[in-house]
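Treat the numbers as computed from the prediction; the structure is a model and nothing was measured.
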Amino acid sequence: MGVSDRELEMGVLYTPPPAHGMMLHGGGAAPPKGAVHSGGGGVVYGDGSWDLTVFVTDLQVERTLRVKGDLHIGGVMIKLVDSLDIAMDWSDHAIWWPTRNIWLDKTRWTLDQYCVNADTVIHFTPMHKTLRIQLPDLRYVDCTVDFSVKTFNSCVTMCRDLGLRHPEELSMCKPLDPEHLKQNFQEVMMRRRPTHLTKEIQGDRIDTNTFVSQTGTLRPQNGGATPNSTLKTPKMQRASPQGTLKNGNYSPYSNGHSYVPGRPLTPQGPTVEEMGLACSPPATPEAKNTLLKPKSLEQRARMNVGWLDSSLSIMEQGVREFDTVHLRYKYYNFYDLNPKYDSSRINQIYEQARWQLLNEEVDCTEEEMMLFAALQLQVAMQANVPQPTHDEDETDDVDEELKKLQMTLEGGGGADGYNSVTEDPSMSDYLQYFKQGDCTPCSCIMRPKRFTLKSYKRLYFVCKNLFLFAYKSSSSARSSGDLLFSVPLKGCEVTPLVNLSAGRYELKLEVPSAEGMTDMYFRFTTEQQYSNWLAACRLAAKGKTLADPSFEMEVNAIKAFLSMQAPATAPAINPASIEMNPDDYVAPRFSRKIKSKVRQKILESHANVKDLNLLEAKMNFIRAWQSLPEYGVSLFVVRFHGERKDELLGVASNRVMRMSLQTGDHIKTWRYSTMKAWNVNWETRHMMIQFEDDKNVIFQCLSADCKVIHEFIGGYIFLSMRSKNSNQQLNAELFHKLTGGWN
């Protein structure tokens, strides 16, 4: 319908509300005199101004402001506060646009720049809101978190308030249900693709976790809260002290539940500030029920769908006030883990590792599981025992540095105890050797550990100057005869393969090559030989020769670790004197396999670790966890370009791996050091990784959004840039540049 000059002179252009029943402002009053229908949903006046509806979440009231498109956001907030005429601190408030799922945080931008018009309803709400956080030890804590800044920044602030150093290693993820493990993210969400994705505010905001938020996992189970109602801040807040951490009804002993059978309601126990995060209470059954138990590699991969996008705010990802999210260590690259400063950090890493093993998220052998169980038992026994303080046995920092300098100047010897200032030390011996053939999906299905001794060749190896040289015999090596091949050890992946009960000592080397990574296996005859060569390979992989003073320390550490795995002939403590539920210490498959012998085996293994104090037991647990072949590999179900079947992509701290979906065998490995760029095509949701040899790897992620993989790779590269010699101030801008996904 057209608009006449007379109608414009009357000064009002009226547009009725949509047909779905929205009431007019003012309780359904008649349209202004002279107003006409224009097909919109708001009121526009002749001078170009219009009515903007603002909902104030604190007061549960709506206000209508008469504004123009050239009014900046800061002016809107001033106008709103003036109209409310309530004396209170509004400095923590900002404008949230629910329909577009964005914060209008650029206060100098105008309403026109944000495309806000008369149809828009915006919310005036606090930026800091209460979030229920489940820590790695399954404890619940109420935290006041900034919902308006990027998730990475919120996480950094929260971790610092919790007293956890190096917060860049952690992130937040949404709770998952067992149903999430039964289907891929791709099958549920990729049918709904945004039509236009840009860096600007036009189009839908990229939320990599829409799949999780729409299932309702975050919402309380006892109420059907709508998205709008979750924005409304309750008028009666939980009574809690000022500050970021708020316990309120939550106790570290109750794991977030106001009532625990057998424990008095008041007092509820110490707060987080009183108890700290260096010790953890037993997890409640309800907290344990939140844990997922994946049945296959595919289900393990689907668990990574819940990570929040570090480049978006918490609010933009469907999280609302009083929702529950999990705080977890996302990147398995723990920097400068120091018992002197990191008792809380060590405990939280220990707890996350512990639950990973108990839930079978990481595989281990029976001997390794018994060692883990023994260390858990020692931690439990030491929890209530006074621990030595660092001040008692601590030497002066200057003396420590002088000792390190002395060791560096003196150098170290090789396995033969030989040290010369004119010739670099070396180590040599006859070893059983096997090299993986051309790595194809077919050949990788057969695991080399199944081969007999006949599959291995006996060669004479020399380790020197970060290289491994192979000869037919010792005489050929001494006479510098025919060299069969050489292996550069720097940058290799070193994986121990030990079975003490079978007397088998093996070592796997993944050597960088033009085709990705080549697998090599070595078998040793004695524990001493195994310890020497494993230590040499580990140091060489880091660019350190046998002359490095840490060689002997590495050998001794390997021997100590082996001695802990060897079960004692008898328990060191009386089995009748301790109450222990074996199911709390070992994964279910070992309980089913060993059954009645579990308790006895745990106590026998405990005899080797009975003298460790609390922090030593936790640190040994973490080191044993880090030595597992599957440690630190985050899995994703992907489909590579040109392939018809699904495969796994493993992302680790220094490499990405193409893996078999059924067996987990490595098909091909690429190191970050050979990577030139990694990009995402946001329209097709494909990811491309470019390498130095101009080879491109293109794949589509099926179990999570491709942005999650992009962030994992960028995050690990960011963490690899940390150095003790550089400024340790966290560079959030660089993190977002590497993980954000936009050029």
With a 4.5 Å cut-off on side-chain heavy atoms, are [Y] and [X] touching?
X: Y331; Y: S653; value: no
X: F147; Y: S154; value: no
X: D342; Y: N347; value: no
X: W109; Y: L104; value: no
X: P294; Y: M303; value: yes
X: Y672; Y: R655; value: no

Got a salt bridge between [X] and [Y], using NZ or NE/NH1/NH2 to carboxylate O under 4.0 Å?
X: K508; Y: E493; result: no
X: K129; Y: D146; result: no
X: R300; Y: E361; result: no
X: E360; Y: K295; result: no
X: R132; Y: D323; result: no
X: E647; Y: K668; result: no
X: R538; Y: E554; result: yes
X: E711; Y: K707; result: yes
X: R139; Y: E351; result: no

Closest approach of [X] to [Y] (non-hydrogen atoms, all atoms of both residues):
X: L730; Y: R160; answer: CB-NH2, 3.9 Å
X: I667; Y: M659; answer: CD1-C, 3.9 Å
X: V494; Y: L534; answer: CG1-CD1, 3.6 Å
X: Q113; Y: R108; answer: OE1-O, 4.2 Å
X: N184; Y: L702; answer: CB-O, 3.1 Å
X: C115; Y: R100; answer: CB-NH1, 4.4 Å

Using only atom types and a distance under 3.5 Å, with no angle test, would you say the side chain of N333 pairs donor to acceptor with the backbone of E169?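 Absent.
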Answer yes if the side chains of [X] and [Y] hold a donor-acceptor pair under 3.5 Å, and no otherwise.
X: N679; Y: H686; value: no
X: Q134; Y: T324; value: no
X: D137; Y: S280; value: yes

Geometric class of the F735/F718 ring pair [parallel <30°, tilted 30-60°, perpendicular >60°]: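 Rings of F718 and F735: perpendicular, over 60°.
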Over 60° means perpendicular and under 30° means parallel, so classify the ring planes of Y631 and F334, tilted if in between.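 Because their plane-to-plane angle lies in the 30° to 60° range, the rings of F334 and Y631 count as tilted.
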For L628, the option from T495, D363, L357, V633 that meets side-chain contact (heavy atoms from CB on, under 4.5 Å):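 Between L628 and the candidates, side-chain contact (heavy atoms from CB on, under 4.5 Å) is satisfied uniquely by L357.
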Under the ring-ring contact (aromatic ring centres under 6.0 Å, His included) test, residues paired with F699 that sit two or more places apart: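 Residues passing ring-ring contact (aromatic ring centres under 6.0 Å, His included) with F699: F640.
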Cation-pi check, K330 to F712: give yes when NZ or CZ is under 6.0 Å from the six-membered ring centre and within 45° of the ring axis, no otherwise.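 Flagged: K330 positioned over aromatic ring of F712.
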Chi angles and distances behind the side-chain hydrogen bond (donor to acceptor under 3.5 Å, both in side chains) call for H736, N153: CA-CA 10 Å; H736 290 302; N153 301 58; 3.1 Å; yes
For side chain to side chain contact (heavy atoms under 4.5 Å, CB included), just list the numbers for L327 and C155, CA-CA rounded to whole Å, side-chain angles, deciding distance to a tenth of an Å, and then say yes or no. CA-CA 8 Å; L327 180 68; C155 189; 3.8 Å; yes
Apply side chain to side chain contact (heavy atoms under 4.5 Å, CB included) to residues I713 and I689 and explain how you reach the verdict. CA-CA 10 Å; I713 294 175; I689 304 178; 4.0 Å; yes
side-chain hydrogen bond (donor to acceptor under 3.5 Å, both in side chains) between S296 and Q299, intermediate numbers included: CA-CA 5 Å; S296 64; Q299 290 194 355; 4.8 Å; no
